[in-house]
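Letters A, B, ... mirror the listed sequences (proteins, then strands); counts begin at 1.
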2 protein chains.
Amino acid sequence: MARIALDAMGGDFAPQATVAGALLALRELDPAHSVLLVGRTAVVEAQLAELLGGEYADLAGRRDRLTIVEAPDVIEMSDKPTVALKGSKANSSMVVGLRLQTEGKADAFVSAGNTGAQMAASTVLLKLHAGLKRPAIATLFPTARQVVVVLDAGANVDCSADELVDFARLGSVYAEDILGRDNPCVGLLSIGEEAEKGNAVVKEANQLLSAAGELNFQGNVEGRDIPKGESDRGPIDVVVCDGFVGNVLLKFYESIAPVLLGLVAKGAGLDRAQLMGAFKHLDYSSYGGAPLLGVRGVSIISHGKSSPVAIKNAVLVALRAVETRMNDHIGRRLAESHGATEAA
Amino acid sequence: MARIALDAMGGDFAPQATVAGALLALRELDPAHSVLLVGRTAVVEAQLAELLGGEYADLAGRRDRLTIVEAPDVIEMSDKPTVALKGSKANSSMVVGLRLQTEGKADAFVSAGNTGAQMAASTVLLKLHAGLKRPAIATLFPTARQVVVVLDAGANVDCSADELVDFARLGSVYAEDILGRDNPCVGLLSIGEEAEKGNAVVKEANQLLSAAGELNFQGNVEGRDIPKGESDRGPIDVVVCDGFVGNVLLKFYESIAPVLLGLVAKGAGLDRAQLMGAFKHLDYSSYGGAPLLGVRGVSIISHGKSSPVAIKNAVLVALRAVETRMNDHIGRRLAESHGATEAA
């Protein structure tokens with residue numbers, strides 16, 4: 001039985017998309033699970049009444065599996081991350097929703113709101129696993145083969161080699177628990193497949209990962225390997241990079257598909273909408289949210305532009321993290337690794 | 001009158017593609033210009049005879065505008081970059097071809113051979129403009145609008161903020177001279193448009209570029225802006241990044257188009273070949289080579305897999321660099337900028 005807290009006020013299309021996403025989740029979730037909608041009670045109630053009276057009328061009978069948790073403050077997308085932790089917005093849906101985990105009232109938190117604020121509040125409230133300085137954002141890149149986990153995607157812009165090694169550990173557990181990959185293949189993003197290629201930090205990280213031997217480390221991978229989902233040495237499950245490179249790549253990837261689609265439609269004299277279906281495979285919303293890894297708990301970051309389907313999928317990702325006990329696995333993996341590193 | 005030296009032995013398809021590329025260039029070049037084919041004379045002669053006796057028979061009358069320059073050694077794609085400067089391959093087509101410029105016998109050099117060797121040999125033989133530590137590789141990214149210059153694309157993996165500022169200067173002259181852009185718009189690649197977003201080096205580079213005021217600096221751009229060819233502040237001509245990020249992005253970009261094409265073809269039930277035409281816009285060969293900027297001369301790096309058309313286009317890029325006196329402009333720009341920096 002899992003209790004997923006959802007930030008009802010977070011995201012460009014909240015509360016409509018978030019409440020609708022919660023209802024969509026109820027359609028798929030086993031009755032043992034519940035969703036907690038965190039936000040301004042009156043606003044959420046009104047939205048719920050509207051949806052249950054219309055498009056989602058079939059779910060009226062499951063209303064009892066939704067609980068509304070009052071949070072009077074709302075963090076705007078334009079607010080500075082630290083606002084989440086300050087007096088003026090001390091009872092935001094972000095903070096109240098995360099605190100449910102520390103109070104034992106929820107098992108996971110999902111938000112499509114201000115990403116910086118979610119990172120800051122998750123780090124302070126849930127706290128980090130021992131040995132970590134910052135959490136990492138794990139994102140999924142659709143490829144010609146399977147989806148690939150790329151991390152960090154923006155939480156850590158100046159990384160040490162040790163931090164990159166921790167990203168490899170976090171991403172490996174994520175690929176195993178959430179994606180169901182067995183002994184995930186980990187690649188280190190660089191500018192050549194040889195171990196001696198890369199910048200100073202990456203070269204050091206390659207040595208550390210090779211020496212550690214604890215992960216299924218496949219050596220360096222290159223930019224060209226990501227869209228293919230494989231390097232010359234085989235398939236890739238996890239790509240490790242610092243948050244600067246990961247964020248640039250993620251945004252580049254999100255932007256290139258529509259641009260190429262437009263070019264194809266124009267060049268081949270085709271209808272843009274006709275081609276849209278082909279890109280479903282690349283639709284981020286179908287992969288749900290990006291977990292913030294390294295915190296002691298579950299905090300799932302959804303895209304600000306999340307649709308109800310994207311919110312629903314993020315709830316399902318959160319559920320899978322709870323069910324597989326991903327957080328415990330991460331804690332154990334890090335404790336073992338860091339213990340081994342110190343003993344070595 | 002420009003004399004373009006071409007490495008006849010460099011590239012995966014040499015000498016067939018290189019010699020054919022030289023012949024294609026003759027079709028387009030004004031008769032005042034000539035091409036010097038550098039390599040093993042017997043090999044080049046044989047290739048030339050074959051092509052002029054067949055597919056390129058119409059060019060037999062222009063044979064006199066081609067000169068063969070003997071170079072007994074060949075640097076392989078798998079050779080270490082430093083081999084170019086060592087005794088065992090002292091008379092490679094790479095070194096002999098570049099030396100033609102220092103001897104006043106050629107105005108530019110083009111190679112599709114070993115990129116690392118070309119960088120090393122160009123730096124040592126042509127030397128760098130004052131104030132530079134390394135040359136930068138400028139590449140062109142096709143976008144939804146105009147093509148955008150992205151540099152550095154791999155020559156400099158650990159960069160200081162001062163080096164990023166020099167890339168902005170180099171890229172700006174390149175966009176002006178080779179692409180004909182007036183007062184090119186320069187963006188600094190980062191993870192947010194605000195000046196305070198980025199890693200430590202990028203944040204410092206933003207301050208330096210903003211303070212310098214000598215370029216048409218538009219502030220930070222993000223990964224999403226490159227495929228669009230514009231940020232929220234307008235069109236982009238030049239994107240500045242370190243060689244690690246640039247190389248990862250370049251390879252990612254080269255790899256994503258065929259992957260997306262395959263997905264579109266499959267998803268929309270279309271013929272792959274039918275869609276190919278739409279991607280012409282993204283075909284790297286149509287943009288010729290990537291200049292190595294910062295050396296005192298002209299050294300154009302072509303893709304190892306260059307076709308005859310790609311080689312021809314690289315020769316045309318070299319010609320344009322000679323005709324616009326790009327190298328002098330770079331020298332002047334750097335001298336003025338560095339002088340101003342020191343005086344400030």
* **Partner residues of B:Asn247 under the side chain to side chain donor-acceptor pair (under 3.5 Å) criterion, sequence neighbours left out** => B:Lys251

* Among A:Asn156, A:Ile226, A:Asn199, which residue forms the greatest number of heavy-atom pairs with chain B at distances under 4.5 Å? -> A:Asn199

* Asked: Considering residues at least two apart in sequence or located in another chain, which fulfil the side-chain contact (heavy atoms from CB on, under 4.5 Å) criterion with B:Val165?
  -> B:Arg169, B:Leu208, B:Leu209

* CZ on B:Phe141 to CZ on A:Phe252, rounded to 0.5 Å -> 5.5 Å

* **Leading residue by heavy atom contact count with chain B [cutoff under 4.5 Å; candidates A:Gly192, A:Gly154, A:Gly229, A:Pro227]** => A:Pro227

* To do: Sort out for me which of B:Val245, B:Leu189, B:Asp225 touches chain A most, counting heavy-atom pairs under 4.5 Å.
  => B:Leu189

* Flag the pair B:Phe244 / A:Phe244 as yes when at least one side-chain heavy-atom distance between them is below 4.5 Å, and no otherwise. => no

* Asked: If you look at every heavy atom in B:Ile191 and A:Gly243, which pair is closest and at what distance?
  -> CG2-O, 4.4 Å

* To do: Would you confirm whether B:Asp158, through its side chain, and A:Ala200, through its main-chain N or O, come within 3.5 Å as a donor-acceptor pair?
  => yes

* Where is the tightest heavy-atom contact between A:Val248 and B:Ser190, given as atom of each residue plus distance? -> CG2-O, 3.9 Å

